[in-house]
Amino acid sequence: MSDSIRIKSDTKMKNKPFNWPVVGFLLFMTGIPGIPAIFMLALVALGPGMDESISSLVNALHFETPAAIFVHGTAGILFFLTMPFQFSPALRAKKRKLHKKGGYIALLSGYVMGLSGIWMHHVLSPDLFGMRYVSLVIVSISMCIAFSLALWHIINRNVDVHRKWMFRAVAITLAVITPLFVEVIMFLLFGQLENIFTVINQLQHDYGRLVGMAINLAIVEYIFFKETVKKKAQYPLSMMVENND
């Protein structure tokens, strides 16, 4: 490699942004369940024999059947610690091996979270198989499909398509968090209307995950649409510059 090519390559790598707005947002969103999961797993590991005021914070079923909680919680923590940084162009360019290993961990933890979420429902709510359970299964299967498509495309070196499916996979994963914000908005709008709010609250309980998935995917697809429009707007300009040259 000539010195001029090496200098250009080094300059490109230095100019890669860390992308803190996206990384920070994903850290915040995945941290909402990820950070409490750390304390939950610690409490479950200590067992029911600890101080009663502390053990009362944990569902008794967590102590009786801890395996599902440990598997799901550990996967959530690993996802929280790895996935957000996968969206940093600077880390992808400068720390390729770290990015690749982090991707494997994030992908595996995503699969485990999706499947163990269903397992945990059977452990904690074995008699409830209504629409809330159906929503959980749909979201979990959608997570696994999206992560599988992202993996397939990166194996085939379709980087741009891989990136889009990773965005979609994370959007689906965060479908369990979005309802929290929807609930706040619904409370502010309808909290004073008791009858209406009760109906909305029940619908949110049953369909919240599906609503969250729809909202998140709509936002992601809008981002992709804006990127396409921007590229199309830039393409004629680049062609004009080349023609003038």
Side-chain angles (χ1 to χ4, degrees), residues 16-38 71-93 95-96 98-118 120 135-182 207-228:
K16 292 283 186 182
F18 191 87
N19 201 16
W20 268 117
V22 172
V23 174
F25 173 75
L26 291 176
L27 279 171
F28 170 73
M29 291 295 285
T30 56
I32 292 175
I35 294 174
I38 296 172
V71 171
H72 189 73
T74 301
I77 293 167
L78 290 173
F79 193 84
F80 160 59
L81 294 175
T82 56
M83 180 55 74
F85 299 101
Q86 293 299 108
F87 293 87
S88 170
L91 288 181
R92 283 201 301 269
K95 305 286 184 180
R96 290 187 180 181
L98 184 63
H99 172 75
K100 192 174 182 179
K101 290 179 180 177
Y104 286 141
I105 295 172
L107 193 71
L108 180 60
S109 62
Y111 282 125
V112 174
M113 272 199 306
L115 298 176
S116 63
I118 300 173
M120 198 162 67
S135 299
L136 170 64
V137 172
I138 292 173
V139 170
S140 298
I141 292 174
S142 299
M143 281 173 60
C144 293
I145 291 173
F147 279 121
S148 296
L149 287 170
L151 178 62
W152 170 260
H153 285 295
I154 197 60
I155 289 173
N156 289 279
R157 301 192 181 280
N158 299 322
V159 177
D160 188 57
V161 183
H162 161 75
R163 169 183 167 272
K164 288 183 176 180
W165 276 108
M166 284 300 292
F167 265 98
R168 292 179 181 122
V170 173
I172 295 169
T173 305
L174 295 179
V176 298
I177 309 301
T178 304
L180 297 176
F181 299 94
V182 174
Y207 298 92
R209 293 187 180 96
L210 295 181
V211 172
M213 185 169 69
I215 292 172
N216 293 354
L217 287 175
I219 293 172
V220 167
E221 295 304 324
Y222 177 74
I223 291 172
F224 294 156
F225 172 74
K226 294 289 287 185
E227 286 181 351
T228 302

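The chain is numbered in sequence order, starting from 1. Small disclaimer: the values here were computed from a predicted structure and weren't measured.
Counting heavy atoms from C-beta on, the side chains of Val211 and Thr178 never come closer than 4.5 Å. Val176 is not listed as a side-chain neighbour of Pro33, based on a closest heavy-atom distance of 4.5 Å or more.
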Tabulate below the donor-acceptor pairs under 3.5 Å that side-chain atoms of residues 164-172 make, not counting sequence neighbours, or state none.
residue : atom : partner : partner atom : Å
Arg168  : NE   : Glu221  : OE2          : 2.6
Arg168  : NH2  : Glu221  : OE2          : 3.3

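Among all heavy-atom pairs drawn from Ala150 and His162, the shortest one is O-ND1, 2.7 Å. Nearest heavy-atom pair across Ala106 and Met83 is CB-CE, 3.5 Å. Here the closest non-hydrogen pair linking Pro36 and Gly31 is CD-O, 3.5 Å. Heavy atoms only, all atoms of each residue included: His99 and Leu91 are closest at CB-O, 4.3 Å. Looking at every heavy atom in both residues, Ser109 comes nearest to Ala75 through CB-O, 3.4 Å. Gly34 approaches Ile77 most closely through the heavy-atom pair O-CG1, 3.8 Å.
Separation of atoms CZ (Arg209) and OG (Ser140) is listed at 7.5 Å; rounding is to 0.5 Å. How far CE of Met113 is from CE of Met120: 11.0 Å, rounded to the nearest 0.5 Å. Annotation: the span from Ile145 atom CD1 to Trp152 atom CH2 amounts to 15.5 Å, rounded to 0.5 Å. The structure places CD1 of Ile32 at 8.5 Å from CG of Leu174, a figure rounded to the nearest 0.5 Å. To the nearest 0.5 Å, atoms CG (Leu98) and CZ (Phe85) are separated by 10.0 Å. Annotation: the span from Phe80 atom CZ to Leu27 atom CG amounts to 6.0 Å, rounded to 0.5 Å.
Phe18 pairs by the ring-ring contact (aromatic ring centres under 6.0 Å, His included) definition with Trp20, not counting sequence neighbours.
No more than 12 heavy-atom neighbours from other residues, nucleotides or ligands sit within 6.0 angstrom of CZ on Phe28.
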| query | Could you go step by step and tell me if Phe147 and Thr173 meet the side-chain contact (heavy atoms from CB on, under 4.5 Å) rule? | reply | CA-CA 10 Å; Phe147 279 121; Thr173 305; 3.7 Å; yes
| task | For side-chain contact (heavy atoms from CB on, under 4.5 Å), just list the numbers for Gln86 and Thr82, CA-CA rounded to whole Å, side-chain angles, deciding distance to a tenth of an Å, and then say yes or no. | result | CA-CA 7 Å; Gln86 293 299 108; Thr82 56; 5.6 Å; no
| Check against side-chain contact (heavy atoms from CB on, under 4.5 Å), Ile105 and Phe79 | CA-CA 7 Å; Ile105 295 172; Phe79 193 84; over 6 Å; no
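Under the 3.5 Å distance criterion, with hydrogens and angles disregarded, a donor-acceptor pair is assigned to the side chains of Ser148 and Tyr111.
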